[in-house]
Amino acid sequence: MVILPLLLACADPVVPPAEGPAPLDAPRLARRLSLDLRGVLPSAEELAAVRADPAALDALAEGWLQDPRLEDRVVALLHERWHTRVDGFNAAWYDFGLAREDEVAFERAVGEEPLRLAAALVVEDRPWSELVTAGWTRANPLLLQIWPLEPLEPGDGWVRARWTDDRPEAGVLVSSGLWWRYPTTMFNLNRARAAAISRLLLCEDLLARPVRLSEAADLLSSGAEEALRSDPACLSCHAALEPMAAALFGFHWVDEYAAVEMTHYHPEREPLGERLLQVEPGFYGTPVADLAGLGQAIAADGRFEACAVRTFAEALWRRAAGPEDQPALVALRGDFRAAGMRVRPLLLRIVQSAEYQAGTVLEGPAQSRRLLSPDQLASAVEELTGYRWTWAGVDQLDEDEEGFRALAGGVDGEEVLTPQRDPGLTWALVLRRLAEAAGEHAARVGLEEGAGPLAGLGGLTPGDPAFDEAYVALVWRVVARAPSAEEQAEDAALWRAVAAEEGEQAAWAALLSLWLRDLDAVTL
Amino acid sequence: MRPRRRDLLLGLGAGALGGVLPLLGATTHPERRFLFVFCDGGWDPTYALAPLFDNPNVDMDGGGELASAGGLRWVDGPDRPAVSAFFGAHASRCALVHGVEVRSVAHERCRRILMTGSASEGADDWGAILGAGAATPRAMPHLVVAGPAFTARHTSAVVRAGRGTQLPELLDGSALLRSDLPVGGPSAATHAAVEATLARRLERQAGAVDPRTAALAVQQREALERMAVLESQAGALAFGAGEDFADQLQTAVECLRAGLSRSVLVRFAGLYDLTFDTHSANTLQASHFELLFQALGDLVDTLDTTPDASGQPLGEGTTVVVVSEMGRYPRLNEQGGKHHWTVTSALLFGAGVRGGQSVGGYTAALQPAPTDLATGLVDEAGEALTAAHLGATLLALGDLDPAEHGSAAPIRALLADG
């Protein structure tokens with residue numbers, strides 16, 4: 001078992017349990033870590049280092065946690081819970097004078113704004129409490145163009161930026177991207193948003209509580225609004241919802257489909273909350289002055305801390321935590337607190353856990369294999385083969401109107417809210433087409449241009465030492481293990497059969513596409 | 001020799017098994033198919049389905065009138081003639097279920113509860129369970145053309161069609177035409193060779209010590225088999241072209257006809273996709289119901305005139321379930337709309353449904369009236385109906401044991417064969 005060194009002086013080493021899941025071998029664990037933290041396969045050199053000395057994974061993992069690609073991974077993982085990277089909002093690209101070809105870029109920019117703020121806290125190793133207290137957000141050039149933001153640093157990509165419309169300093173609580181995804185209506189009065197805050201940031205899903213209106217006897221006589229304030233059956237949830245909702249009226253839109261309304265914060269409307277909801281802004285019994293106060297109250301709530309731990313643990317374990325996971329979550333939470341609520345050390349502790357490193361699980365809640373998510377598939381295949389499935393610049397594994405994100409097992413944030421855990425028909429279909437395209441591209445580039453993983457292999461056939469060496473190295477890159485003798489024989493037969501009919505380029509394309517669909521390739 | 005699963009699938013794809021009675025001990029009918037029509041937004045049952053004219057707490061549509069035929073009572077209105085046209089023609093085949101409680105007023109949560117009977121994220125929806133439980137293997141056991149789908153254990157049985165033409169494009173390979181880097185895909189012979197090699201490897205991995213690895217290998221191999229079935233038929237299938245409701249129904253009927261799916265989900269979003277969520281201008285409910293029942297009328301005609309693989313009309317073996325995630329508050333608000341409500345109605349018709357009746361009911365406060373599950377009549381000694389009762393009924397219609405999927409009992413009054 002590989003024990004990663006600790007970034008935290010105050011944290012205790014993780015000791016693998018005497019009983020429980022058997023861990024992955026070091027190369028496969030390196031593959032899992034690399035894909036989870038960077039979205040790419042380990043390099044040949046990295047795999048060689050781990051094979052020579054499993055303890056080398058310690059330093060590699062430390063480095064991968066510093067890798068800038070961690071930001072994209074955090075964005076992808078948090079989207080699975082926050083559901084903000086959707087294919088449509090109440091305002092659209094044309095409301096801002098953008099071109100049609102900017103549609104997806106517009107939707108992704110809006111949806112990623114709160115996720116990028118969160119991810120920045122991870123990669124910059126800042127306290128997670130800033131998620132709800134920060135006086136800045138993250139923006140890309142498109143958002144800087146259409147929203148009241150000014151950059152706080154130079155850069156062509158996502159940069160730190162400041163809102164210029166007098167919204168309070170409250171991190172994602174003043175995120176336009178978040179509230180565009182979770183709009184409210186003149187009847188809902190920000191209650192849905194308060195419920196979203198509770199679910200996303202506190203892991204308290206108030207909507208999961210059954211609404212038993214049969215117990216709200218006076219509902220029809222008194223009216224719904226009065227019942228929400230006075231009937232015990234309603235108050236069980238609304239006592240928490242209403243004060244939080246009352247703090248959100250700077251985002252109260254007169255017309256919920258008007259881009260100009262949606263774009264700006266409205267400080268003059270903040271008092272409307274108390275007037276319309278007849279309750280002071282507050283957080284579970286504690287009055288707050290405004291959204292900044294709400295953010296501080298949330299940051300001080302132990303549930304916020306616990307929710308962060310649960311969110312990232314479930315994201316990396318790739319399953320929901322159950323009651324049997326409580327001891328592990330409690331331990332992680334203690335470490336998280338001791339580390340000043342910094343997520344990067346938390347991620348390290350999670351990937352050190354026996355849960356995460358499980359390779360064979362005969363019983364218990366741990367999960368051995370996890371399917372690669374569409375974003376992992378796309379980035380890993382691109383890094384390996386140079387092929388990214390885009391059309392008009394749009395990543396086909398990251399979009400659902402014409403693309404295949406949900407069909408490949410991803411979360412569309414609207415109708416598909418949890419990632420697919422098991423292979424299905426459309427998952428297999430998307431995988432097949434991606435693998436075919438990537439194999440074909442890599443073979444062409446490798447044999448015609450001498451680039452990529454198949455460079456320099458022209459003229460070789462199975463049995464040639466150079467062929468066999470390159471073949472084994474390729475398999476190692478893709479699945480972090482050597483091919484078995486049976487697989488080698490099968491592959492040689494496949495290569496020869498295809499080459500005989502269609503040439504060596506087609507043969508290499510077929511071989512690579514086969515391995516890209518191998519169970520060891522599509523799982524980690 | 002025992003037939004391999006692939007042989008069964010291929011046989012099914014060719015229509016060979018479509019008319020064979022499934023090996024179900026107690027059933028005397030072919031395996032039933034299910035078509036779920038999800039009406040988005042939370043409809044107002046009092047506009048078409050629930051004639052609550054005697055309830056002083058309910059603001060009924062002023063233009064609405066009680067109508068009845070064939071044992072069914074509904075709400076007729078001049079701005080939604082398709083409702084009466086539909087029930088007038090098909091009342092004997094239709095059952096209305098009233099007073100179904102969903103115990104939430106949030107759209108996302110209500111959808112989950114209505115379709116699974118539970119607020120839990122670990123629950124599968126009825127379509128997934130029915131698809132996974134099919135005695136006859138299907139290439140796409142539960143096809144989600146559009147609408148909310150919830151799966152946990154039966155993920156591999158659920159197939160999403162995509163919002164446009166993604167599924168047929170993936171099947172025929174034209175999806176790769178939409179690639180900035182030029183790619184064409186392999187030849188048929190190369191594809192066959194790759195598939196055969198991959199299948200052999202998955203077969204071996206299915207024997208892995210790690211149960212999860214073994215299960216994933218089996219599921220991936222089954223997915224390849226289903227893919228092969230679909231590819232063999234792709235050219236002959238007339239998939240709908242997009243998200244339009246008529247297109248959705250076309251895809252649904254096509255996949256039911258071809259025996260590719262046991263269960264299909266489609267989504268109806270109403271006039272201009274405004275959905276039934278009428279917090280203002282509740283009169284829009286009339287337009288939505290008019291369009292819905294026009295489409296349902298066309299659907300019945302299509303089902304009755306389209307033969308399944310055994311040559312029988314598709315309608316004889318297909319149960320249609322028309323639902324919405326919630327009801328609407330009994331009273332109009334100041335905007336002429338109605339807010340959310342935790343109790344709603346549902347419409348069932350087709351195979352196995354005892355038509356010409358309304359079961360369940362509403363109390364004066366528009367709560368679920370206790371209902372005798374055997375008779376469907378309101379009875380103080382009965383149970384308040386929930387989405388779980390509705391689901392248990394569907395599972396019973398699908399010859400599955402509802403007790404294996406929850407504690408609610410089926411509404412036996414709805415079952416034509418008891």
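Residue numbers begin at 1 in each chain, while the letters A, B, ... track the order of the sequences.
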Region of [X] in contact with chain B, defined by heavy-atom distances below 4.5 Å:
X	answer
A:Ala437	both
A:Glu401	both
A:Leu417	side chain
A:Thr523	side chain
A:Arg388	backbone
A:Glu487	both
A:Ala497	neither

With no hydrogens and no angle check, just 3.5 Å: does a side-chain donor-acceptor pair link A:Thr418 and B:Glu121? no

Do A:Arg421 and B:Thr155 meet the criterion of a side-chain donor-acceptor pair at a distance under 3.5 Å? no

I need the residue from [options] with the largest number of non-hydrogen atom pairs under 4.5 Å to chain A.
options	result
B:Ser187, B:Ala152, B:Ser120	B:Ser187
B:Leu230, B:Asn333, B:Thr363, B:Leu171	B:Leu171
B:Ala208, B:Ala196, B:Ala119, B:Gly185	B:Gly185
B:Val144, B:Asp180, B:Val158	B:Asp180
B:Ala189, B:Pro148, B:Ala157, B:Pro186	B:Pro186
B:Arg204, B:Arg267, B:Gln205, B:Arg111	B:Arg204

What are the two closest non-hydrogen atoms of [X] and [Y], and how far apart are they?
X	Y	answer
A:Leu514	B:Val194	CD1-O, 3.8 Å
B:Gln166	A:Asp400	NE2-O, 3.0 Å
A:Leu425	B:Ala139	CD2-O, 4.1 Å
A:Gly424	B:Ala223	O-CB, 3.6 Å
A:Leu362	B:Val209	CD2-O, 3.9 Å
A:Trp389	B:Arg178	NE1-O, 3.0 Å

Decide yes or no for [X] and [Y]: does some side-chain heavy atom of the first lie under 4.5 Å from some side-chain heavy atom of the second?
X	Y	answer
A:Tyr387	B:Val183	yes
B:Arg109	A:Asp205	yes
B:Ser156	A:Trp427	no
A:Val522	B:Gln220	yes
B:Arg200	A:Glu486	no
A:Met186	B:His279	no
B:His191	A:Glu436	yes
B:Arg160	A:Phe404	no

Please identify, among [options], the residue contributing the most non-hydrogen atom pairs under 4.5 Å to chain B.
options	value
A:Glu402, A:His441, A:Glu501	A:Glu402
A:Ser513, A:Ser484, A:Gly403, A:Ala195	A:Gly403
A:Asp520, A:Asp518, A:Asp422, A:Leu434	A:Asp422
A:Ala392, A:Ala506, A:Ala438, A:Ala320	A:Ala392
A:Gln396, A:Gln420, A:Gln367	A:Gln367

Any Lys/Arg nitrogen of A:Arg517 or B:Glu195 sitting under 4.0 Å from an Asp/Glu carboxylate oxygen of the other? yes

Are B:Arg163 and A:Asp87 ion-paired here, with the side-chain N under 4.0 Å from a carboxylate O? yes

To the closest 0.5 Å, what do you measure between [atom1] ([X]) and [atom2] ([Y])?
X	Y	atom1	atom2	result
A:Trp391	B:Leu181	CH2	CG	11.5 Å
A:Leu429	B:Met227	CG	CE	5.5 Å
A:Ser368	B:Leu216	OG	CG	7.0 Å
B:Leu265	A:Glu415	CG	CD	8.0 Å
B:Ser179	A:Glu440	OG	CD	9.0 Å

Looking at B:Leu170, is its backbone amide N or carbonyl O close enough to the side chain of A:Arg433 to form a donor-acceptor pair, meaning the two atoms are under 3.5 Å apart? yes

Donor-acceptor pair, side chain of B:Arg212 and main chain of A:Arg369, under 3.5 angstrom: yes

With only heavy atoms counted, which part of B:Ala217 is less than 4.5 Å from chain A, the side chain, the backbone, both or neither? both

Within a 6.0 Å radius of atom CD on B:Glu334, are there more than 12 heavy atoms belonging to other residues, nucleotides or ligands? yes

